[in-house]
A.B. asks: 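Input: one structure, supplied below.
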Amino acid sequence: MNVHLIDGTFELFRAHFGAPAAQAPDGQQVGAVRGLLRSLLALLGEDGTTHLACAFDHVIESFRNQLFDGYKTGAGLDPVIVAQFPLAEEAAFALGLVVWPMVEFEADDALATFAARAAALPQVERVLICSPDKDLAQCVQGERVVLCDRMRKRVLGDAGVREKYGVPPGSIPDLLALVGDTADGIPGLPRWGAKSAAQVLSRYPHIDEIPDDPAGWDVAVRSALALGEILRTGRAQARLYRQLATLRTDVPLSQGLADLRWQGARREALHALCARLGEERLLDRVHRWRD
């Protein structure tokens, strides 16, 4: 069987920027939630979709904000999409999906946790993490745990991660620590770019394995002396950034594999939600009901 783990926060943002704006009968903007519902219904209609869960950032802040003041917050987010966060969770639940609304952890942590858990089960053929987010590339295991970019219809396994980022999945947190990740508020180290970081990490997979003295590096990197000095003086910061970029796999999720089997949409909840959204036509797309 395949297990689909959905980055609900990403799906909601994608719908917000890709779907037309729409108002509910009460005047609330609900275009993103409508788009999310259509996207999830399309996935549920695909062959081989049997076990699913959807993780959301119930709040933007997490334990990482306690580790680093510059880590991402909800500041500056469009209030139109922020107001749709609760509705998005309702939508996934009404469709009959297992929903993980994260508060202390992030949605990516929940996905990483269950991906690791499911990959260890012999009855699971493949785990598809439905997101193109580079953070989640660290979860990839061969062709068993893969990233699935549903919009571009692209699946990224181990070879794909190496081709795209220049490093194996296990080095993604180190890459983000050196280069930075503006989406998450990780600044990275000065002058370390994606190319130079990938070159070094292809030889020394983790930051702590990179020698202080670049004269000892057995890989040719432009401006090695300068980069080595920056890393030597900023190694403590790099370790912190790596910690921020490393997804947790110990989120206390109560569900097991059997709980993720999709049994159909929840009729009462979905009818009520679609009425609130002014989108009753979506009900015609549901091909299975659980009650």
A.B. asks: Inspect the contact between Asp26 and Arg276 and indicate whether a charged nitrogen and a carboxylate oxygen are less than 4.0 angstrom apart.
C.D. replies: no

A.B. asks: Keeping Gln263 on the side-chain end and Gly96 on the backbone end, is there a donor-acceptor pair under 3.5 Å?
C.D. replies: no

A.B. asks: Taking all heavy atoms of Gly170 and all of His206, pick out the closest pair and write down the distance.
C.D. replies: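 Scanning both residues completely, I find the closest heavy atoms to be O-CE1, 3.3 Å.
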
A.B. asks: Taking atom NE2 of His58 as the centre, report whether more than 12 heavy atoms of other residues, nucleotides or ligands fall under 6.0 Å from it.
C.D. replies: no

A.B. asks: Heavy atoms, side chains only, cut-off 4.5 Å: are Leu37 and Leu270 in contact?
C.D. replies: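 Yes - at least one pair of side-chain heavy atoms lies under 4.5 Å apart.
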
A.B. asks: Are Leu12 and Leu5 linked, directly or through intermediate hydrophobic residues, by side-chain heavy-atom contacts shorter than 4.5 Å (ILVMFWY only)?
C.D. replies: no

A.B. asks: Tell me, do Leu201 and Ile210 make a side-chain contact under 4.5 Å, heavy atoms counted?
C.D. replies: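 Leu201 reaches Ile210 side chain to side chain.
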
A.B. asks: Do Trp289 and His271 make the cut of ring centroids closer than 6.0 angstrom?
C.D. replies: yes

A.B. asks: With a cut-off of under 6.0 Å to the ring centre and 45° to the axis, is Arg248 in cation-pi contact with Phe63?
C.D. replies: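 Yes; both conditions hold, so Arg248 lies above the ring face of Phe63.
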
A.B. asks: For Val179 and Ala197, work out which heavy atoms get closest and say how close.
C.D. replies: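 Scanning both residues, the minimum pair turns out to be CG2-CB, 3.7 Å.
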
A.B. asks: Please step through side-chain contact (heavy atoms from CB on, under 4.5 Å) for the pair Asp133 and Leu147, ending with a clear verdict.
C.D. replies: CA-CA 8 Å; Asp133 191 340; Leu147 292 189; over 6 Å; no

A.B. asks: Check the pair Gln23, Val30 against side-chain contact (heavy atoms from CB on, under 4.5 Å), reporting the backbone distance first and the verdict last.
C.D. replies: CA-CA 6 Å; Gln23 283 189 341; Val30 293; 5.8 Å; no

A.B. asks: Side chain to side chain donor-acceptor pair (under 3.5 Å) between His16 and Gln84: does it pass, once the steps are laid out?
C.D. replies: CA-CA 10 Å; His16 175 65; Gln84 296 181 68; 4.6 Å; no

A.B. asks: Honestly curious: do Trp262 and Trp100 fall in one hydrophobic cluster under the side-chain, below-4.5 Å linking rule?
C.D. replies: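 No; Trp100 is not reachable from Trp262 via cluster members.
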
A.B. asks: What do you reckon, is CD of Glu46 surrounded by more than 12 foreign heavy atoms closer than 6.0 Å?
C.D. replies: yes

A.B. asks: Any chain of hydrophobic side-chain contacts (each under 4.5 Å) joining Val98 to Met102?
C.D. replies: yes

A.B. asks: Any non-hydrogen side-chain atom of Met151 less than 4.5 Å from a side-chain atom of Arg14?
C.D. replies: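 Yes, close enough: below the 4.5 Å cut-off.
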
A.B. asks: Which one of Leu273, Leu40, Leu36 satisfies the side-chain contact (heavy atoms from CB on, under 4.5 Å) criterion with Leu95?
C.D. replies: Leu40

A.B. asks: Kindly give the heavy-atom pair with the smallest separation between Val140 and Val146, and that separation in Å.
C.D. replies: CG2-CA, 4.3 Å

A.B. asks: For Tyr241 and Gly188, work out which heavy atoms get closest and say how close.
C.D. replies: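 Residues Tyr241 and Gly188, closest heavy atoms: CE1-O, 3.6 Å.
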
A.B. asks: When you look at Tyr204 and Asp218, which way does the side chain to side chain donor-acceptor pair (under 3.5 Å) test go after all the steps?
C.D. replies: CA-CA 10 Å; Tyr204 307 102; Asp218 54 2; 2.9 Å; yes

A.B. asks: Kindly indicate, with the supporting measurements, whether the criterion side-chain contact (heavy atoms from CB on, under 4.5 Å) is fulfilled by Asp7 and Leu136.
C.D. replies: CA-CA 10 Å; Asp7 183 347; Leu136 288 161; 4.2 Å; yes

A.B. asks: Do the charged groups of Glu279 and Arg285 touch, with an N to O distance under 4.0 Å?
C.D. replies: no

A.B. asks: Determine, step by step, whether Leu253 and Arg117 satisfy the side-chain contact (heavy atoms from CB on, under 4.5 Å) criterion, reporting the C-alpha distance in whole Å, the side-chain angles of both residues, the deciding distance to 0.1 Å, and the verdict.
C.D. replies: CA-CA 10 Å; Leu253 304 174; Arg117 186 185 300 177; 3.9 Å; yes

A.B. asks: More than 12 non-hydrogen atoms from neighbouring residues, nucleotides or ligands closer than 6.0 Å to CZ on Arg222, yes or no?
C.D. replies: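 Counting neighbours around CZ of Arg222, 12 or fewer heavy atoms of other residues, nucleotides or ligands fall under 6.0 Å, so no.
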
A.B. asks: Could you tell me if the side chain of Met1 sits less than 4.5 Å from the side chain of Leu257, heavy atoms only?
C.D. replies: yes

A.B. asks: Can we say Glu125 and Arg144 salt-bridge, meaning some charged N sits less than 4.0 Å from an Asp/Glu carboxylate O?
C.D. replies: no

A.B. asks: Classify the ring geometry between Phe85 and Phe13 as parallel (under 30°), tilted (30 to 60°) or perpendicular (over 60°).
C.D. replies: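 If you compare the ring of Phe85 with that of Phe13, the planes turn out perpendicular.
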
A.B. asks: Where is the tightest heavy-atom contact between Val161 and Pro168, given as atom of each residue plus distance?
C.D. replies: CG1-C, 4.3 Å

A.B. asks: Can Asp149 and Lys153 be counted as an ion pair, charged N to O under 4.0 angstrom?
C.D. replies: no

A.B. asks: Using modelled atom types and a 3.5 Å cut-off, is there a donor and acceptor pairing between side-chain atoms of Arg235 and backbone atoms of Ile207?
C.D. replies: yes

A.B. asks: Any non-hydrogen side-chain atom of Pro169 less than 4.5 Å from a side-chain atom of Gln141?
C.D. replies: no

A.B. asks: Check this for me: does any side-chain nitrogen of one of Asp212 and Arg232 sit under 4.0 Å from a carboxylate oxygen of the other?
C.D. replies: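 The answer is no: the pair does not qualify as a salt bridge.
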
A.B. asks: If I compare all heavy atoms of Ala15 with all of Ala32, which pair ends up nearest, and what's the gap?
C.D. replies: CB-O, 3.3 Å

A.B. asks: Between the main-chain N or O of Leu260 and the side-chain N or O of Gln255, is there a donor-acceptor pair closer than 3.5 Å?
C.D. replies: no

A.B. asks: Please check: side-chain N/O of Asn65 versus main-chain N/O of Lys72, any donor-acceptor pairing under 3.5 Å?
C.D. replies: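 Indeed, once roles are kept as given, a pair shorter than 3.5 Å links the two residues.
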
A.B. asks: Only one of Asp184, Asp109, Asp57 clears salt bridge (charged side-chain N to carboxylate O under 4.0 Å, His left out) with Arg64; which?
C.D. replies: Asp109

